[in-house]
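The structure appears below as structure tokens.
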2 protein chains.
Amino acid sequence: MIENIIEKKCIQKGLKMTDQRRVIARVLATSKDHPDAEELYNRTNKINSQISLATVYRTLKLFNENGILEKHEFRDGKSRYETIQKDHHDHLIDIETGKVIEFQNEEIEKLQERIASELGYDIIEHRLEIYAIKQK
Amino acid sequence: MIENIIEKKCIQKGLKMTDQRRVIARVLATSKDHPDAEELYNRTNKINSQISLATVYRTLKLFNENGILEKHEFRDGKSRYETIQKDHHDHLIDIETGKVIEFQNEEIEKLQERIASELGYDIIEHRLEIYAIKQK
DNA sequence: TTATATGCAAAACATTTGCACTTGA
DNA sequence: TCAAGTGCAAATGTTTTGCATATAA
């Protein structure tokens with residue numbers, strides 16, 4: 001009985017584990033990029049062709065609502081997903097190749113906290129995306 | 001002949017000034033919020049009911065491509081527009097009310113430049129959005 | 001057993017586009 | 001005049017949903 005980190009979280013949350021969810025969880029756990037729904041549909045179907053696109057969408061939504069996945073909307077019109085990591089990071093997107101690079105910067109995090117606090121707010125989440133091109 | 005700043009920019013860029021574009025430009029120039037296409041359609045139609053939603057979309061795209069408008073995609077599924085200001089700013093979105101607060105922070109800008117540079121990139125644009133709730 | 005999940009196809013939603021007609025310069 | 005802009009309706013692309021059937025617990 002091979003379990004992955006996502007499946008463990010599902011069980012913790014009391015989510016019913018169907019074959020479809022197990023496969024989607026496995027694909028997500030082993031994806032090191034930021035796939036969209038269609039791409040996940042393609043990847044899961046190589047393992048089990050009984051998974052519909054609708055189920056992929058429903059499962060992504062469920063996992064996102066349960067704090068298992070992060071949903072990103074970079075500027076290409078489709079949502080991309082990533083398993084939630086221990087350490088928060090932001091993204092730099094190469095607008096020529098679409099490549100996504102992750103980075104961390106504690107100082108920026110703190111500055112955001114300070115800005116929100118000065119405006120009388122508590123941060124729920126934030127989004128920092130840098131769209132850039134390779135230096136020539 | 002009453003002109004606004006947007007209309008001036010259009011003329012500078014050599015864009016043909018139709019009645020529709022003039023009305024849309026006027027509405028944008030006097031909007032202090034971040035309206036979406038449908039909302040702009042409603043506002044322009046109070047002035048001239050001969051403007052179609054398709055033309056609003058086409059004009060927003062045109063203005064955006066010509067550096068007249070900024071297009072934002074906050075997390076509500078529709079694009080919002082704002083005239084480009086002299087000084088760059090980012091946004092804090094009150095997720096309970098939808099209110100958008102603008103803020104500036106030079107330090108964050110510089111940190112981003114440094115991060116991109118260290119990764120070998122030049123920034124084309126960036127997006128920093130803080131989603132927050134009022135402190136209790 | 002039974003509430004919940006699924007597949008399928010249709011619907012929803014914001015946005016774009018083809019085409020015939022109109023208009024600004 | 002005539003290239004460019006417009007209105008309308010149809011098309012698009014992503015995501016959601018209604019409903020009948022299937023399944024985990």
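Within every chain, numbering begins at 1; the chains are lettered A, B, ... in the order of the sequence lines, protein sequences first and strands thereafter.
- Side-chain N/O atoms of B/Ser79 include one lying less than 4.0 angstrom from OP1 or OP2 on C/dT15.
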Subject >> Trace of the side-chain contact (heavy atoms from CB on, under 4.5 Å) decision for B/Cys10 with B/Arg21 >> reply: CA-CA 9 Å; B/Cys10 288; B/Arg21 287 183 184 173; 6.0 Å; no

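- There is no path of hydrophobic side-chain contacts, each under 4.5 Å, that joins B/Ile84 to B/Leu128.
- Between C/dT23 and B/Gln20, no contact under 4.0 Å exists linking OP1 or OP2 to a side-chain N or O.
- One can place NZ of B/Lys16 at 8 Å from C1' of D/dC2, the figure rounded to the nearest angstrom.
- Atom P of nucleotide C/dT16 and atom CG of B/Leu62 are separated by 13 Å, given to the nearest angstrom.
- Listed nucleotides C/dT6, C/dT15, D/dT15 differ in distance to A/Ala37; the shortest reach to its side chain belongs to D/dT15.
- Counting to the nearest Å, the C1' atom of D/dT16 and the CD atom of A/Glu65 are 13 Å from each other.
- In this structure, the OH atom of A/Tyr81 is 8 Å from the C1' atom of D/dT15, given to the nearest Å.
- Along DNA chain D, the nucleotide nearest B/Ala54 and the nucleotide nearest B/Leu15 are compared for position; the residue whose nucleotide lies closer to the 5' end is B/Leu15.
- Rounding to whole angstrom units, OH of residue B/Tyr41 and C1' of D/dG7 are separated by 10 Å.
- When each of D/dG7, C/dT17, D/dT15 is scored by its nearest atom to the side-chain atoms of B/Ser52, the top-ranked nucleotide is D/dG7.
- Side-chain atoms of A/Asn64 do not come within 3.5 Å of backbone N or O of A/Leu60 as any donor-acceptor pair.
- Below 30°, between 30° and 60°, or above 60°: for A/His126 and A/His88 the angle between ring planes is between 30° and 60°, a tilted geometry.
- Among the nucleotides C/dT16, D/dT16, C/dT6, the one closest to any side-chain atom of A/Thr18 is C/dT6.
- Note on B/Lys78: only backbone sugar-phosphate atoms sit closer than 4.0 angstrom, heavy atoms only; bases stay farther off.
- Among C/dT6, D/dT6, C/dT15, the nucleotide with an atom closest to any side-chain atom of B/Thr59 is D/dT6.
- Relative orientation of the A/His72 and A/Phe74 rings is parallel, given thresholds of 30° and 60° on the angle between their planes.
- Whole-Å rounding puts the B/Asp19 CG to D/dT6 P distance at 9 Å.
- Using a 4.0 Å heavy-atom distance criterion, B/Glu38 is classed as making no nucleic acid contact.
- Each of B/Tyr57 and B/Met17 has a nearest nucleotide on DNA chain C; the 5'-most of these lies closest to B/Tyr57.
- Protein atom CG of A/Asn45 is 10 Å distant from nucleotide atom P of C/dC8, rounded to whole Å.
- Remark on DNA chain C: of its neighbouring residues A/Ile51 and B/Leu53, the 5'-side contact belongs to A/Ile51, judged by nearest-heavy-atom nucleotide.
- Protein atom NZ of A/Lys13 is 20 Å distant from nucleotide atom C1' of D/dA25, rounded to whole Å.
- Scanning atom types as modelled, one donor and one acceptor separated by under 3.5 angstrom connect the side chain of B/Arg58 and the base of D/dG7.
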